[in-house]
Engineer: 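Sharing a structure here in C-alpha cells format.
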Amino acid sequence: MDDETKAKLLDKYKEERKEEVKTKALLPLKNAEKGKVVMRFAPNPNGPPTLGSARGIIVNGEYAKMYDGKFILRFDDTDPRTKRPMLEAYDWYVEDCKWLGYEPDEIIYASKRIPIYYEYVEKLLKMEKAYPCFCSKEEFKKFRDKGVECPHRDTDGEKALEIWQEMLDGKYKEGEVVIRIKTDMKHKDPAIRDWVAFRIIYESHPLVKDSFHVYPTLDFESAIEDHLNGVTHIIRGKDLIDSERRQRFIYKYFGWEYPITKHWGRVKIHEFGKLSTSGIRKDIEAGKYSGWDDPRLPTLKALRRRGFEAEAIKNFFISLGVSENDVAVSMKNLYAENRKIVDAKANRYFFVWNPVEVRIEGVEAKEVKIPLNPNDANRFRVLKGSDTVYITKDDFEMFKEGEIFRLKDFCNIRLIDKANRKTEFVSYELGEVKKGKNIIHWLPKNDTIPCVVLGFEKYEGLAEKNVLDDVGNVVQFERFAFCRLEKFDGEELVAIYAHP
RNA sequence: GCUCCGGUGGUGUAGCCCGGCCAAUCAUUCCGGCCUUUCGAGCCGGCGACCCGGGUUCAAAUCCCGGCCGGAGCACCA
C-alpha cells in the first residue's frame, strides 16, 4: 500500500471513529477497506466454546461484517497431547459461530494442512533461517537466558534438511530434536529468541490419527496460515502479543507483510470463578456438573440453554470493546442486555417456590384474566381464583396478623391466623392495597403443575398450567426471574434460570 | 530477574495518536420517584471518575519524566 492510500484510509478511519462514538458498534478498524478485510478466529477445540470464545467470534466476525469482508474459522489443533483437541468440539465451534450470527466463510483445520507447513519449513531450513536443535529444554534455556547461540545454530542447509528428513522418517525420539526459527539470540526480549517451530510427538491425533509425528507449534502454523489466507487483521487476547514479534521473523524471511494486530486483556466475570476447561471437565466427570451445558457454566451451550439471545451476548462484548486493559465485569451487564430484548416478548406467569397453602374465608371462586405481557393488552391467560391458594413462603412470612395484602389480579385478603394459615376475604378491587410489596403472586390449589427451576441454585415449586403453551420459550416468572422452559414430561416442568 | 503493555465514576466504556469544543460520552450497578396490580420486571430522574508527583504550554485526561499499582510473555501449550 502506498503512502497516499494509507493517508486516505487514515483520514476515513478518523471520521468513522468520530461517528461511531454515538452508536453502539465497534470502533473502526485501522487501515480497513470495505470488501478487503479478512478476519479469523483461531481456537483450539480442546473444549466447548465459552463466553471467552464468544468474544473472539463476535469481535472478529463483526469486523468482517462491518467491512463486507471474510471471516475464517481456523482450528489451531496442532498439539495432540498437551492441548489435545476434543473431536465433538470442532462441530460445537461451527454451531456456536452460526448461532452468534457469524457463519464462517471458510473453515480451516490446521492438523489437516501439516504438509503445507512442512514445505515452508523446508524452505527456511534451506535458507538457513531455521535449524534442527538437539539441545534439551533446560540446555537451551541457559543459552536463551545468556543470549548465546547454541552449537546447532550454524548447521548448514544441506545437513539441516537431512536431519529434518530423518525426523520425518521417525529416526528420533520425542524431545531429541526440534526445529528452531533463527531470530536473534541477543534480542532484548528473551521471549523472542530462537523459538521452536516443530517438535516430535508420537501420539495419535483425534482428527488426523497417526498421519504425523512432527507437529508445528502454534506460532509456526499460525504465521503460515495467516499469510496463505490473506488475513488482514488479527484480533486476539494479549497472551499472544509476543507471537507477533516471533512470527515477524518468518514474514521478514519470506518478504511477506504482517497483518495488523489488536489485543484485548483478560476478562474476569464475577459470577464465574476461575474456570479452566480441564477443571470443568474434571468436575463434570466427578458429577459436580451435569454436563457442558450445566446452567452454572459459562459455556455457550449453557447460556443458550438458559435462553440468552445471541444478540445480547453480541451487545455485551461490543460494549467491552477491544482494549488491552483487563476487565472484571459482572454478568449483570449481560442480563441487562438480554432483558432489553426478552422483556417485550416473554410471557408472564406465576411460579410459586416453596409453596405454602393458605385458606381464604368468605371468598367466591372466580376466574381472573391476567395479561400475558403488560405491554400487550390483547393477550390473556386465565387463573381460577379459589378459596385455597398457594403463595410462596417468603411472602407468607413477611406478613403479620391483621395485615392486608393482595393476590395479584384476584383479591385482597387479611391474615387472621398465621399459625393456621387462615385469611379472610376483604375485597376484589385494588382499593385498599396500593402498590408494591403488598401485591403478591399466587396459584389456585387445584390447578398447578410441579415445576423445578435449575440454575446456580435449584428452586422447587408450582407453576400455573398455562405455562405449557410456552414450553421451549423464555418466560418471566413474575417476581422471580426470566427462565427458559425446557421440557414437560407429563409430570414436572423443568425450567432453566436465566436472570432476574 | 529480563522484556512488553495498561491505569477515566462501584463496574465496563468513549475521548488520548493530532493539547483548547471535556466543569469528560454511553451503558450497567446503586439511590430516589412513577406504574388501576411484577418495589426481584418496566418507565423517569439523580449521585458518582481522568492513579500520584513533577515538567512542557496561554491551555494537559490528552505530550514528557519519575513513582505507585495492575497485567502479559520469557514452554518441545494454545
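Each chain gets a letter, A, B and so on, in the order the sequences are listed, and its residues count up from 1.
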Engineer: For Glu149(A), what residues pass the salt bridge (charged side-chain N to carboxylate O under 4.0 Å, His left out) criterion, not counting sequence neighbours?
Structural biologist: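 Salt bridge (charged side-chain N to carboxylate O under 4.0 Å, His left out) check on Glu149(A) returns Arg153(A).
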
Engineer: Taking only the P atom of each, what is the distance from G53(B) to G42(B) in whole angstrom?
Structural biologist: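 Pairwise P distance, G53(B) against G42(B), rounds to 41 Å.
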
Engineer: Would you measure the distance from the P atom in C22(B) across to the matching atom in C65(B) and give it in whole Å?
Structural biologist: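 Those two atoms are separated by 28 Å.
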
Engineer: Applying the side chain to side chain donor-acceptor pair (under 3.5 Å) criterion to Asp77(A), which one of Tyr215(A), Tyr109(A), Tyr90(A) satisfies it?
Structural biologist: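 Option passing the side chain to side chain donor-acceptor pair (under 3.5 Å) with Asp77(A): Tyr90(A).
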
Engineer: What's Asp76(A) touching, base or sugar-phosphate or nothing? Going by heavy atoms closer than 4.0 Å.
Structural biologist: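 If one applies the 4.0 Å heavy-atom cut-off, Asp76(A) turns out to touch the sugar-phosphate alone, with no base involved.
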
Engineer: Quick one: which protein N/O atoms are closer than 3.5 Å to N/O atoms of nucleotides 68-77 of chain B? Pair and distance per line, please.
Structural biologist:
| unit_1 | atom_1 | unit_2 | atom_2 | d |
| --- | --- | --- | --- | --- |
| G71(B) | O4' | Asp326(A) | OD2 | 3.1 |
| G71(B) | O2' | Lys238(A) | NZ | 2.8 |
| G71(B) | O2' | Asp326(A) | OD1 | 3.4 |
| G71(B) | O2' | Asp326(A) | OD2 | 2.8 |
| A72(B) | OP1 | Arg266(A) | NH1 | 2.5 |
| A72(B) | O2' | Lys238(A) | O | 3.0 |
| G73(B) | O2' | Asp242(A) | OD2 | 2.4 |
| A75(B) | OP2 | Arg144(A) | NH2 | 2.1 |
| A75(B) | O5' | Arg144(A) | NH2 | 3.0 |
| C76(B) | N3 | Gly175(A) | O | 3.4 |
| C76(B) | N4 | Cys135(A) | O | 3.4 |
| C76(B) | N4 | Gly175(A) | O | 2.6 |
| C77(B) | OP2 | Arg199(A) | NE | 2.1 |
| C77(B) | OP2 | Arg199(A) | NH2 | 2.4 |
| C77(B) | O3' | Asp79(A) | OD2 | 3.3 |
| C77(B) | O3' | Arg199(A) | NH2 | 3.1 |
| C77(B) | O2 | Lys83(A) | NZ | 2.3 |

Engineer: Would you mind checking if Glu337(A) and Lys340(A) are paired as a salt bridge, meaning a charged N to carboxylate O distance below 4.0 Å?
Structural biologist: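 Salt bridge present between Lys340(A) and Glu337(A).
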
Engineer: How far does the P atom of C31(B) sit from the matching atom of G10(B), given to the nearest Å?
Structural biologist: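 C31(B) and G10(B) have their P atoms separated by 16 Å.
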
Engineer: Without decimals, in angstroms, what is the distance between Phe317(A) CZ and A27(B) P?
Structural biologist: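 In whole Å, A27(B) P and Phe317(A) CZ are 20 Å from each other.
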
Engineer: Does any donor-acceptor pair link the side chain of Glu429(A) with the base of U36(B) at a separation under 3.5 Å?
Structural biologist: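 For Glu429(A), whose side chain was compared with the base of U36(B), there is no donor-acceptor pair (under 3.5 Å).
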
Engineer: Before accepting this row, confirm whether a basic side-chain N of the pair Glu464(A)/Lys408(A) lies closer than 4.0 Å to the acidic partner's carboxylate O.
Structural biologist: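 Salt bridge absent between Glu464(A) and Lys408(A).
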
Engineer: In whole angstrom, what separates Arg236(A)'s CZ from C5(B)'s C1'?
Structural biologist: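 Roughly 15 Å, once rounded to whole Å.
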
Engineer: Parallel, tilted or perpendicular for His227(A) and Tyr251(A), by the 30°/60° rule?
Structural biologist: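 Rings of His227(A) and Tyr251(A): perpendicular, over 60°.
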
Engineer: With respect to the side chain of Trp353(A), which nucleotide from G40(B), G42(B), U28(B) is positioned closest?
Structural biologist: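 Closest of the options to the side chain of Trp353(A): G40(B).
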
Engineer: When the ring planes of Tyr118(A) and Phe198(A) are compared, do they come out parallel, tilted or perpendicular, using 30° and 60° as the limits?
Structural biologist: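 Tilted.
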
Engineer: What nucleic acid atoms does Ala481(A) come within less than 4.0 Å of, heavy atoms only: base, sugar-phosphate, or nothing?
Structural biologist: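 Contact class for Ala481(A): none.
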
Engineer: Using the P atom in both, what is the distance from C39(B) to G20(B), to the nearest Å?
Structural biologist: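 Rounded to whole Å, the distance is 48 Å.
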
Engineer: How many Å lie between NZ on Lys332(A) and C1' on G40(B), as a whole number?
Structural biologist: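 Checked: the NZ to C1' distance equals 12 Å.
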
Engineer: Do Phe456(A) and Tyr497(A) make a side-chain contact, defined as non-hydrogen atoms from C-beta onward lying under 4.5 Å apart?
Structural biologist: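 They are not in contact (no side-chain heavy atoms under 4.5 Å apart), so the answer is no.
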
Engineer: Do Leu334(A) and Ile313(A) have side chains that get closer than 4.5 Å, going by heavy atoms?
Structural biologist: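 When only atoms from C-beta onward are counted, Ile313(A) and Leu334(A) do touch, with a gap below 4.5 Å.
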
Engineer: How many Å lie between CG on Leu334(A) and P on U29(B), as a whole number?
Structural biologist: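 Result: 12 Å.
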
Engineer: Got a salt bridge between Glu221(A) and Arg74(A), using NZ or NE/NH1/NH2 to carboxylate O under 4.0 Å?
Structural biologist: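 Looking at Arg74(A) together with Glu221(A), the answer is yes, because their closest N to O distance falls below 4.0 Å.
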
Engineer: For residues 163-186 of chain A, which residue pairs pass the salt bridge (charged side-chain N to carboxylate O under 4.0 Å, His left out) check, not counting sequence neighbours?
Structural biologist: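 Checked against salt bridge (charged side-chain N to carboxylate O under 4.0 Å, His left out) - neighbours excluded - the pairs reaching residues 163-186 of chain A are Arg81(A)-Glu174(A).
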
Engineer: Do His441(A) and Phe477(A) make the cut of ring centroids closer than 6.0 angstrom?
Structural biologist: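 So the answer is no for these two rings.
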
Engineer: Using the C1' atom as the point on both nucleotides, what is the distance between G55(B) and G71(B), in whole Å?
Structural biologist: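 Roughly 28 Å separates the two C1' atoms.
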
Engineer: Is the closest basic N to carboxylate O distance between Arg484(A) and Asp470(A) below 4.0 Å?
Structural biologist: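 Here Arg484(A) does not pair with Asp470(A) in a salt bridge, since their nearest N and O are not under 4.0 Å apart.
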
Engineer: From CD1 of Ile269(A) over to C1' of U28(B), roughly how many Å is that when rounded to an integer?
Structural biologist: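 Atom CD1 in Ile269(A) sits about 14 Å away from atom C1' in U28(B).
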
Engineer: Base, sugar-phosphate or nothing for Arg339(A)? Non-hydrogen atoms, less than 4.0 Å.
Structural biologist: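 Sugar-phosphate: the residue Arg339(A), judged by heavy atoms under 4.0 Å, touches backbone atoms but no base.
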
Engineer: Would you measure the distance from the P atom in C50(B) across to the matching atom in A24(B) and give it in whole Å?
Structural biologist: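 11 Å, rounded to whole Å.
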
Engineer: Can you measure His263(A) atom NE2 to A78(B) atom P for me and round it to whole angstrom units?
Structural biologist: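 Computing the His263(A):NE2 to A78(B):P distance gives 16 Å.
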
Engineer: Heavy-atom contacts under 4.0 Å between residues 45-58 of chain A and RNA chain B, which residues?
Structural biologist: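 Nothing qualifies; none.
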
Engineer: Identify whether any heavy atom of Pro43(A) sits under 4.0 Å from a base atom; if not, whether one sits that close to sugar-phosphate; answer base, sugar-phosphate or nothing.
Structural biologist: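 It contacts nothing in the nucleic acid.
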
Engineer: If I pick the C1' atom on U8(B) and the same atom on A49(B), what distance separates them, to the nearest angstrom?
Structural biologist: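 Between the two C1' atoms, the distance is 6 Å.
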
Engineer: Could you check which nucleotide pairs with C63(B) in any of the strands shown, counting Watson-Crick or G-U wobble with both distances under 3.5 Å?
Structural biologist: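 The answer is G55(B), by the H-bond criterion.
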
Engineer: On the ring face of Phe350(A), is Arg381(A) found with NZ or CZ under 6.0 Å from the centre and within 45° of the axis?
Structural biologist: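 Satisfied, under 6.0 Å and within 45°.
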
Engineer: Taking the C1' atom in each of G48(B) and C2(B), what is the distance between them to the nearest angstrom?
Structural biologist: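 These two C1' atoms come out 41 Å apart once rounded.
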
Engineer: Using atom CG of Asp395(A) as one end and atom C1' of G40(B) as the other, report the distance to the nearest whole Å.
Structural biologist: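 The answer, rounded to whole Å, is 11 Å.
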
Engineer: So which protein N/O to nucleotides 8-11 of chain B N/O distances come out below 3.5 Å?
Structural biologist:
| unit_1 | atom_1 | unit_2 | atom_2 | d |
| --- | --- | --- | --- | --- |
| U11(B) | O3' | Ala328(A) | O | 2.9 |
| U11(B) | O2' | Ala328(A) | O | 3.0 |

Engineer: So what does Lys408(A) hit on the nucleic acid, given a heavy-atom distance under 4.0 Å: a base, only sugar-phosphate, or nothing?
Structural biologist: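 Touches a base.
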
Engineer: Is Lys366(A) close enough and on-axis enough to Tyr428(A), meaning under 6.0 Å and within 45°, for cation-pi?
Structural biologist: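 Yes - Lys366(A) lies over the ring of Tyr428(A), closer than 6.0 Å to its centre and within 45° of its axis.
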
Engineer: Polar atoms only, N or O, under 3.5 Å: list the protein pairs with nucleotides 43-52 of chain B and their distances.
Structural biologist:
none

Engineer: Give the rounded distance in Å between these two atoms: CD1 of Ile440(A) and P of G40(B).
Structural biologist: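 One finds 13 Å between P of G40(B) and CD1 of Ile440(A), rounded.
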
Engineer: Can you check whether Val389(A) reaches Ile360(A) side chain to side chain, under 4.5 Å on heavy atoms?
Structural biologist: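 When only atoms from C-beta onward are counted, Ile360(A) and Val389(A) do touch, with a gap below 4.5 Å.
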
Engineer: For Ser323(A), which contact category applies under a 4.0 Å heavy-atom criterion: base, sugar-phosphate, or nothing?
Structural biologist: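 Sugar-phosphate contact only.
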
